[in-house]
2 protein chains.
Amino acid sequence: MDTDVASVDLEMITHGPEARAKPETRLWLRMLSTTKLISTEIRKRLRAEFGATLPQFDLMAQLYRERGGLRLGELSKRTMVTNGNVTGLVERLEAEGLVVRETPTADRRVTVARLTEEGTRVFSAMAEAHETWLRELMADVGTDRIVSLWEEIGHVKRSTANHLSGIEGE
Amino acid sequence: MDTDVASVDLEMITHGPEARAKPETRLWLRMLSTTKLISTEIRKRLRAEFGATLPQFDLMAQLYRERGGLRLGELSKRTMVTNGNVTGLVERLEAEGLVVRETPTADRRVTVARLTEEGTRVFSAMAEAHETWLRELMADVGTDRIVSLWEEIGHVKRSTANHLSGIEGE
DNA sequence: AACCGGTATTTGAAATGTCAAAGGTCGCTG
DNA sequence: CAGCGACCTTTGACATTTCAAATACCGGTT
């Protein structure tokens, strides 16, 4: 069981921290754990300081840069969240008075979500804190490295997008 | 509104794809979207080919390298998932016969989860496919870049861990 | 032996997440 | 203008997620 080639391959992914895995798997595991670490921290702070959740922040960010509002389908694409999920998210944000929903008379299939004035104010404050937190968390990493990482991860993103069924703009 | 410094900062995070944001924010947004892209793909394939979910895969991976089993608290730490969540995950995996739960007589507060024989078999197949999928998705990225990315992201992870309350082993 | 602080897990409420199916609406075509 | 395929959103079933409170148990003290 430990002697044939197949089982050695399998052990790579699972044995030791990530020591014997193939480079792609090691990179993936590290990306995943790092992302989890950061988003857990951001989520806690958003909750503590603004009583908001990460998906709500993401959704509001999209609406912030499209002051006229966005159709729910567009929101779904931009936030990489499914349609059904967007429905609930917008519902809750509307209940809090941060977002409004409207159906244009031109096409009554559509629902457009838009930030209220208060939503805009609240998001501004959250966005500012968000940037500060990230600078804080990445304080030990030089700006050069950050910029170069940004570019390198772009390669990974493009490669992944290329090997999917659909195409992924950024 | 577009003239004072504060509002310019705010626009950075939200205006254009990620064009005018600070480097840390740009990196974070790209890490997040890339991770989402990959995990969505992996999740779909896991579901289609094995009827399993990503968190189940993660949990089984931990149990696979600890044949004697792990306490739920340990599982929680290693998978970066909360205690309450582990309970439900293990419950469902047990219902499918992939995992068993036992309480050692020595300390009856503890619950130890362990892969069944079938669980081990199933996970082996999943792990092999998992590695193949990742190589496939990252096929356009050279191995050198992957290895160097792995190291660079390590810096980000360490910096983040340093600016958290707790310590994060890998 | 009853108590107590600490540890380990479960439970319950609320939010997020997917997927598939159902409901409306639009535009075009016969 | 009735029908039909395509598009957009909602709904419903289920899984995952967190947090906080409750439960259960251990070890040591009194």
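Just so it is clear: chains get the letters A, B, ... in the order the sequence lines come, proteins before strands, and each one is counted from 1. Below, all heavy atoms of this structure are taken into account, side chains as well, without hydrogens, waters or symmetry copies.
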If we only count heavy atoms from C-beta on, is the Arg145(A) to Val156(B) side-chain gap below 4.5 Å?
no
Under a single-linkage definition using a 4.5 Å side-chain heavy-atom cutoff for Ile, Leu, Val, Met, Phe, Trp and Tyr, are Val99(A) and Val112(A) assigned to the same hydrophobic cluster?
no
Where the side chain of Leu72(B) is defined as all heavy atoms beyond and including C-beta, which of dA8(C), dT9(C), dC19(C) is the nearest nucleotide?
dT9(C)
Do the side chains of Thr160(A) and Glu41(B) get nearer than 4.5 Å, heavy atoms only?
no
Atom CG of Asn83(A) and atom P of dA21(C): how far apart are they, to the nearest Å?
16 Å
In terms of the nearest nucleotide of DNA chain D, which residue is placed more toward the 5' end: Arg101(A) or Thr82(B)?
Arg101(A)
Asp107(A) has a side chain; which of dT25(C), dT11(D), dC19(D) sits nearest to it?
dT25(C)
CD of Gln56(A) versus P of dT18(D): gap in Å, rounded?
16 Å
Could you check which of dG17(C), dT18(D), dT17(D) has an atom nearest any side-chain atom of Pro55(A)?
dG17(C)
Between Glu74(A) and Lys77(A), does any NZ, NE, NH1 or NH2 come within less than 4.0 Å of an OD or OE carboxylate oxygen?
yes
Taking for each residue the nucleotide of DNA chain C bearing the nearest heavy atom, is the 5' side occupied by Thr105(A) or by Gly84(A)?
Gly84(A)
Out of dT9(C), dC19(D), dT9(D), which has the shortest distance to the side chain of Thr87(B)?
dT9(C)
Atom CZ of Phe57(B) and atom C1' of dT18(C) are separated, to the nearest Å, by 19 Å
Nucleotide nearest Arg71(A) when distance is taken to its side chain, options dT18(C), dT9(D), dG24(C):
dT9(D)
If I take atom CG in residue Leu59(B) and atom C1' in nucleotide dA15(D), what distance separates them, rounded to the nearest angstrom?
14 Å
Please report the distance, rounded to the nearest Å, between CG in Leu46(B) and C1' in dG17(C).
16 Å
Nearest of dC26(D), dT18(C), dA15(C) to any side-chain atom of Arg109(B)?
dC26(D)
When the distance from CG of Leu75(B) to P of dT17(D) is rounded to whole Å, what number comes out?
13 Å
Counting side-chain heavy atoms from C-beta on, which of dC8(D), dT18(C), dT10(C) comes nearest to Val81(A)?
dT18(C)
So, is the end of the Arg67(B) side chain (NZ or CZ) under 6.0 Å from the ring centre of Tyr64(B) and within 45° of the ring's axis?
yes
With respect to the side chain of Arg108(B), which nucleotide from dC19(D), dT9(C), dC26(D) is positioned closest?
dC26(D)
Please give, in whole Å, the distance from dT17(D) C1' to Leu89(B) CG?
9 Å
By nearest-heavy-atom nucleotide on DNA chain C, the more 5' of Lys44(B) and Thr53(A) is Thr53(A)
Which of these nucleotides, dA20(D), dT11(C), dT10(C), is closest to any side-chain atom of Arg47(A)?
dA20(D)
Of the listed nucleotides dT17(D), dT10(C), dT9(D), the one nearest the side chain of Val110(A):
dT9(D)
Check: Arg65(A) and Arg78(A) side chains under 4.5 Å, non-hydrogen atoms:
yes
Mind calculating the distance between CZ (Arg45(A)) and P (dC19(D)) to the nearest angstrom?
14 Å
